[in-house]
S.K.: 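After the structure tokens below, expect a handful of questions from me.
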Amino acid sequence: MSFAGMAILAGFSLSWVFGLGSIAVVALAIGVNGADLWRHWRSAWRRARRLPR
């Protein structure tokens, strides 16, 4: 394999790993904050419905 092919392969695998890592970080952040966000929106929705129009 030529040096250019090796460099392209290395860059591609690096970008792939970074993409997977960022996806995992985003998924983890959403999973951690999702429960709190869901609880917050549910209580806000309940409060908004209870208000007389």
S.K.: Only pairs under 3.5 Å count here: list side-chain donor-acceptor contacts from residues 35-45, not counting sequence neighbours, and write none if there are none.
M.R.:
from: D36; atom 1: OD1; to: R39; atom 2: NH1; distance (Å): 3.2
from: S43; atom 1: OG; to: R39; atom 2: O; distance (Å): 3.1
from: S43; atom 1: OG; to: H40; atom 2: O; distance (Å): 2.9

S.K.: Just distance, no hydrogens or angles: give the donor-acceptor pairs under 3.5 Å from side chains in residues 20-27, sequence neighbours left out.
M.R.:
from: S22; atom 1: OG; to: F18; atom 2: O; distance (Å): 3.2
from: S22; atom 1: OG; to: G19; atom 2: O; distance (Å): 2.8

S.K.: Ignoring hydrogens and angles, write down the donor-acceptor pairs under 3.5 Å from the side chains of residues 3-10, residues two or more places apart or on other chains.
M.R.:
none

